[in-house]
Amino acid sequence: MFNDVMGSEVSGAFNEIRWSQMVDKIADAYRLDKEERQQLRNNKAARLVAGLPFVAGCREPLRTGLSHLSLFVLASTEACRHDFDHKPADNADPLIRLKPISHFIGGDRSVLDEGMARLGLALLGGYRRDQAKDRVSGEYNPLNAGVWDYDTIETMLRTRIWITELPQEAELFFASIGPLLWWGIR
């Protein structure tokens, strides 16, 4: 598919077979049960996280995709979820919580930026979805705290999407993912 400037072999295209293999590797590593494995396989945000380095033409897309997918799953576990939750220090940048999965070697910057903005919209959608639950539980939510306005943040993130013409493979990939309504596998 893509070759990087160093001439090393690229790990192949991102397709259903590749996605299934990546899910199986992560599910085995985290000892996910059958239901959790299927939840991961069906999660559009996880698929975007794993596939982005491939469609952007990054070096070592499989290594990067597995690393990022691993962090995605780790942040979704009950044992670690609260360590990855939004904190007041995260309020300044709607994409700050995505920094651990935003490191790529090479790749088309416009594709990477669009992918990260789409993931940011998924996070924002999760904050909106969880507002009532967070209000009851006391869990910090920037929308409930009044430091974020949903419409303002959504508009800002949407302006980062479709600002440049993307390669056809990236367009097809993003279209196959569709809109992301929230984050996480549970």
Side-chain angles (χ1 to χ4, degrees), residues 26 30 32 35-36 38-53 55-56 58 64-65 67-104 107-166 170-171 173-186:
I26 294 295
Y30 281 95
L32 300 181
E35 181 181 334
E36 292 168 325
Q38 194 58 42
Q39 287 174 334
L40 178 59
R41 190 176 316 281
N42 294 339
N43 187 283
K44 293 191 293 185
R47 186 181 179 99
L48 176 53
V49 166
L52 189 56
V55 298
C58 297
T64 303
S67 296
H68 292 177
L69 186 57
S70 177
L71 281 172
F72 180 92
V73 172
L74 180 68
S76 298
T77 66
E78 192 57 39
C80 294
R81 187 178 66 81
H82 294 295
D83 298 315
F84 287 89
D85 280 348
H86 191 101
K87 296 168 181 47
D90 300 327
N91 291 339
D93 181 354
L95 299 179
I96 194 74
R97 288 184 55 218
L98 298 177
K99 287 289 183 200
I101 61 169
S102 67
H103 300 283
F104 303 91
D108 184 324
R109 194 73 244 165
S110 63
V111 174
L112 295 171
D113 290 346
E114 178 156 335
M116 297 312 292
R118 286 172 180 267
L119 289 170
L121 286 169
L123 284 176
L124 183 64
Y127 296 140
R128 183 180 222 172
R129 183 196 67 184
D130 293 344
Q131 276 186 281
K133 174 190 74 65
D134 292 346
R135 207 173 283 115
V136 170
S137 71
E139 190 169 330
Y140 185 78
N141 183 317
L143 298 175
N144 288 345
V147 295
W148 281 9
D149 173 72
Y150 179 88
D151 293 331
T152 302
I153 301 295
E154 180 188 39
T155 299
M156 185 270 298
L157 290 171
R158 286 198 184 280
T159 61
R160 296 181 184 186
I161 296 176
W162 305 304
I163 58 172
T164 61
E165 191 170 318
L166 299 175
E171 292 283 356
F173 173 69
F174 290 134
S176 76
I177 299 289
L180 302 175
L181 303 177
W182 60 81
W183 183 265
I185 63 171
R186 290 176 173 76

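Position 1 is the first residue of the sequence; numbering continues from there.
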Checklist outcome for this item: In terms of heavy-atom contacts, Leu143 and Asn141 come closest through N-OD1, 2.9 Å
Next on the checklist: Please check this pair: side chain of Asp134 against backbone of Glu139, looking for a donor-acceptor N/O pair closer than 3.5 Å.
Outcome noted: no
Checklist outcome for this item: Output for pair (Glu114 CD, Leu166 CG), nearest 0.5 Å, gives 4.5 Å
Item to check | Straight-line distance of Lys44 NZ to Ser176 OG, nearest 0.5 Å | outcome: 9.5 Å
Item to check | Interatomic spacing from OG in Ser67 to CD1 in Ile26 - rounded to 0.5 Å | outcome: 8.0 Å
Checklist entry - Do you know the tightest heavy-atom contact between Cys58 and Leu112? => result SG-CD2, 4.0 Å
Next on the checklist: Please give me the minimum heavy-atom distance between Leu74 and Cys80, naming the atom from each residue.
Outcome noted: O-CB, 3.4 Å
Item to check | N/O donor-acceptor pair under 3.5 Å between His103 side chain and Thr64 backbone | outcome: no
Item to check | Nearest-0.5 Å distance, CG of residue Leu119 to CG of residue Leu95 | outcome: 9.0 Å
Checklist entry - Residues in ring pair (Phe, Tyr, Trp, His ring centres under 6.0 Å) with Tyr127, at least two apart? => result His86, Trp148
Checklist entry - Among all residues two or more places apart in sequence or in another chain, which pass the side chain to side chain donor-acceptor pair (under 3.5 Å) test with Arg109? => result Asp113
Item to check | Derivation and outcome, side chain to side chain contact (heavy atoms under 4.5 Å, CB included), residues Lys87 and Asp90 | outcome: CA-CA 5 Å; Lys87 296 168 181 47; Asp90 300 327; 3.8 Å; yes
Checklist entry - How far apart are the C-alpha atoms of Leu69 and Leu40, what are their side-chain angles, what is the distance that settles it, and do they pass the side chain to side chain contact (heavy atoms under 4.5 Å, CB included) test? => result CA-CA 10 Å; Leu69 186 57; Leu40 178 59; 4.0 Å; yes
Next on the checklist: For a quick test of reading the model, state the closest non-hydrogen atom pair linking Ala117 to Arg160 and the distance between them.
Outcome noted: CB-CB, 3.7 Å
Next on the checklist: How long is the straight-line distance from CG of Asn144 back to CZ of Arg135, given to the nearest 0.5 Å?
Outcome noted: 4.0 Å
Item to check | Interatomic spacing from CZ in Phe174 to CG in Leu48 - rounded to 0.5 Å | outcome: 6.0 Å
Checklist outcome for this item: Leu52 and Met116 have their tightest heavy-atom pair at CD2-SD, 4.0 Å
Checklist outcome for this item: side chain to side chain donor-acceptor pair (under 3.5 Å) filter on Ser70, not counting sequence neighbours, yields Tyr30
Checklist entry - Are Asn43 and Phe72 side-chain neighbours, meaning at least one heavy-atom pair lies under 4.5 Å? => result yes
Checklist outcome for this item: When every non-hydrogen atom of Pro94 is compared with those of Leu123, the smallest separation belongs to O-CD1, 4.4 Å
